[in-house]
Amino acid sequence: MKFSEMKYERPDFEAAKKLLSENTGKLSAAKSFEEAEKIFLEVDRESGALQTMISIANIRHDIDTNDEFYDREVEFLDAAVPELQEYSQKWTLALLANPFRPDFEKKYGNLMFLNAEIQLKTFSPEIIPELQRENALTTEYSKLIASAQIPFEDGTYTLSQLTPIKQDPDDARRLAAWKADGGFYTENGQRFDEIYDELVKLRDSMGRKLGYDGYTELGYYRMMRNCYDKNDVEKFRAAVRKYLVPVADKIYRRQAERLGKTYPMNFADNALEFRSGNPKPHGTPEDILAAGKQFYHQLSAETAEFIDFMYDNELLDVLSRKGKTGGGYCTNLPAFKSPFIFANFNGTSGDVEVITHEAGHAFAVYMARDIVPGDLVWPTLEACEVHSMSMEFFAWPWAKEFFGTDAAKFYYTHLSGALTFIPYGTMVDHFQHIVYEKPEMTPAERHAVWKELLGVYMPWVALGDEIPFYGEGKGWQRQMHIYQNPFYYIDYCLAQTMALQFWAMIQKDRRAAWEVYMKYTRPAGTKTFRGLIDEAGLLSPFGDEALKEVCSVAENWLDNYDISGIE
């Protein structure tokens, strides 16, 4: 069904509570596995229908934050969804205690029970007010970002629309765009600080009410970390500092030489990779979408079927426009067995990465659309990010279709960007760990922490007052994950490490690499992240081995890639 034809109806949460309550009792009283399974499947189906309505409301709100109807619906859902968790928790307890659990595990696997046990650790009715307030604050943050109307030259721009100018080859214009972008955040800085300060304290309160020493342990449970812990993440961060930061530093030193700049460079100069400009997709947004369709048609039979389904059913909204919230994502509409891609095209190479990255998520969801229960359609988020980041590399043979004469630039910047991103993403994670360990910090102290971490993870950045917002250590405010999804960002870094393994395989044998990719993708959420890695025969990102290997191979490729003909 086309997205425009999907009818939205406000979910009846009282009916949902009643259904969960009644079925919880029925499940406990079931006399056979067949009877228990029938009840289980009904709840799974109804949960999928409820989630579909929630997703439709949020997508349509994000498409136009000025739409008063969906603005009211999201406000309603922000308050109503947390109230349902008490009933969901009782259902989960009944499922875990069910005498037919061995039969469920035999048919559906034991991971759903492991995940259910983790989920129980994230909720108690006494934190409902905090959850409601958390939802309201993250929605406010999203709307504040979407409200940006930044005067620049002779026009007015959203943050997304300003992005290509922040990469302009003209030094003065590029710097001015960075200052204009930073000016929006500075103008609203007090409110950004207030929102985050309240979020940190709310989350700390939730953690303590649930019996934890603050938020961090709760945050890991909320992220459904089911096969690694804080110690594993700390090992990964140490490996990033040891192996990746030196490689990234080398990349930026070469960039400074190409641009004729003094190292370290300011944020605006770091954003320009070649004096003639960064790689740009050629053609219109429609041309990019057409090239994406061609790529998926030629990659495999599975991806050809998938991309036709997406286009035929209007399951993409990717053009940037006034009132549309920032960023990009893929979500799921379980009742229609349909993924949905949301993005903001802005005329940069990021447009191509959207049609490959977010569609990588969507392809994985499409492949898993018949998996039951619905909770196992998605693996945990770091595992999901492998689908998307690796798909970006599978698109390399089609780079000329997307970039034309800029394809040679794209190869270099995409690989170097994958490497330089990981230190930034790891810094985001490190920052959040420090913040939640010391929730009493003032906004000024948080800015100081970010500034200090920039020196550790991104020594190629010159701080100072040339671009005040960024130079003062406030740049973290533009990273929406810090506000909306605490501890999510390390998932991208772990996944990028895995994606670089796929990149290395693709250089040798693309078809063989695709077979490994499908081996990783097909189990969907029926295996843990480590389980999927083992299934595909890949190196774990935890510890030194994986990062040491991918850094060596990628650095060698960059050292030997001929960019002499590129200005």
Side-chain angles (χ1 to χ4, degrees), residues 16-51 84-125 210-212 217-218 220-229 232 332 334-335 337 364-365 367-384 518-538 540:
K17 292 173 185 177
K18 183 179 178 182
L19 181 141
L20 274 173
S21 185
E22 289 178 351
N23 279 306
T24 296
K26 290 178 182 178
L27 184 69
S28 298
K31 303 299 183 184
S32 66
F33 170 62
E34 291 72 22
E35 184 183 352
E37 183 184 32
K38 184 178 179 181
I39 297 162
F40 170 77
L41 293 175
E42 180 187 359
V43 169
D44 184 63
R45 184 169 55 254
E46 292 299 325
S47 296
L50 176 68
Q51 184 55 53
L84 191 62
Q85 286 188 244
E86 180 178 356
Y87 297 84
S88 298
Q89 187 180 58
K90 290 176 180 177
W91 163 261
T92 300
L93 284 166
L95 184 63
L96 289 170
N98 193 267
F100 304 106
R101 176 171 170 172
D103 299 282
F104 277 108
E105 289 185 345
K106 184 176 180 180
K107 186 166 184 177
Y108 299 103
N110 66 353
L111 185 56
M112 72 174 191
F113 288 98
L114 171 61
N115 289 344
E117 288 167 351
I118 293 173
Q119 194 173 35
L120 285 177
K121 299 176 180 180
T122 68
F123 178 77
S124 168
L210 292 174
Y212 307 120
E217 188 174 0
L218 172 59
Y220 270 57
Y221 288 141
R222 290 176 78 178
M223 287 300 299
M224 199 56 68
R225 308 284 195 226
N226 56 21
C227 63
Y228 63 94
D229 58 21
D232 293 309
N332 190 21
K337 295 186 177 182
V365 173
M367 291 300 297
R369 64 195 182 279
D370 293 321
I371 286 180
V372 175
D375 286 345
L376 298 183
V377 167
W378 297 92
T380 46
L381 292 175
E382 72 291 292
C384 291
M518 290 303 295
K519 202 170 184 180
Y520 176 92
T521 301
R522 283 194 181 97
T526 64
K527 293 182 181 293
T528 66
F529 180 44
R530 287 184 186 269
L532 293 171
I533 290 169
D534 292 343
E535 176 84 8
L538 299 163
S540 168

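- Put simply, the side chain of D229 gets close to the backbone of D232: a donor and an acceptor are under 3.5 Å apart.
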Exercise. When you look at F100 and E37, which way does the side chain to side chain contact (heavy atoms under 4.5 Å, CB included) test go after all the steps?
Worked result: CA-CA 9 Å; F100 304 106; E37 183 184 32; over 6 Å; no
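- Between the side chain of D44 and the main chain of G374, a donor-acceptor pair closer than 3.5 Å is present.
- Between the side chain of S28 and the main chain of T24, a donor-acceptor pair closer than 3.5 Å is present.
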Problem set entry | Derivation of the side chain to side chain contact (heavy atoms under 4.5 Å, CB included) call for M224 and D375 | CA-CA 12 Å; M224 199 56 68; D375 286 345; over 6 Å; no
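- Inter-residue side-chain proximity for V377 and P334 is flagged as unmet; no heavy-atom pair is nearer than 4.5 Å.
- Contact record, L376 with A524: O-CB, 3.7 Å, taken as the closest heavy-atom pair.
- When all heavy atoms of A383 and Y520 are compared, the pair lying nearest together is O-OH, 3.0 Å.
- Note: D534 CG to F529 CZ = 10.5 Å, rounded to the nearest 0.5 Å.
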For this session: Run the numbers on L19 and Y87 for side chain to side chain contact (heavy atoms under 4.5 Å, CB included), then give the verdict.
Result: CA-CA 9 Å; L19 181 141; Y87 297 84; over 6 Å; no
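- Here the straight-line distance linking atom CG of L84 with atom OG of S47 works out to 8.0 Å at 0.5 Å rounding.
- Here N115 contributes atom CG and T380 contributes atom OG1; the two are 8.0 Å apart, rounded to the nearest 0.5 Å.
- Going from atom CE of M112 over to atom CZ of F40 covers 4.0 Å, rounded to the nearest 0.5 Å.
- Here E382 pairs with R225 in a salt bridge; the nearest charged N to carboxylate O distance falls below 4.0 Å.
- To the nearest 0.5 angstrom, T122 atom OG1 is 7.5 Å from L120 atom CG.
- The shortest non-hydrogen separation linking I371 to P523 is CD1-O, 4.2 Å.
- With contacts defined as side-chain heavy-atom distances shorter than 4.5 Å, the pair S540/R530 qualifies.
- Of all heavy-atom pairs spanning A36 and L27, the tightest one is O-CD1, 3.7 Å.
- Side chain of Q89 to main chain of F123: a donor-acceptor pair is present (N/O by atom type, distance under 3.5 Å, no hydrogens or angles).
- A 4.5 Å side-chain heavy-atom check between L111 and T528 finds at least one atom pair inside the cut-off.
- Not one N or O on the side chain of Y220 forms a donor-acceptor pair closer than 3.5 Å with the backbone of Y228.
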Problem set entry | Test log, rule side chain to side chain contact (heavy atoms under 4.5 Å, CB included), inputs L20 and V43 | CA-CA 7 Å; L20 274 173; V43 169; 3.9 Å; yes
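- A salt bridge links R101 with E105: the distance from a Lys NZ or Arg NE/NH1/NH2 to an Asp or Glu carboxylate oxygen falls below 4.0 Å.
- Between the CZ atom of R522 and the CD atom of E535 there is a distance of 10.5 Å, given to the nearest 0.5 Å.
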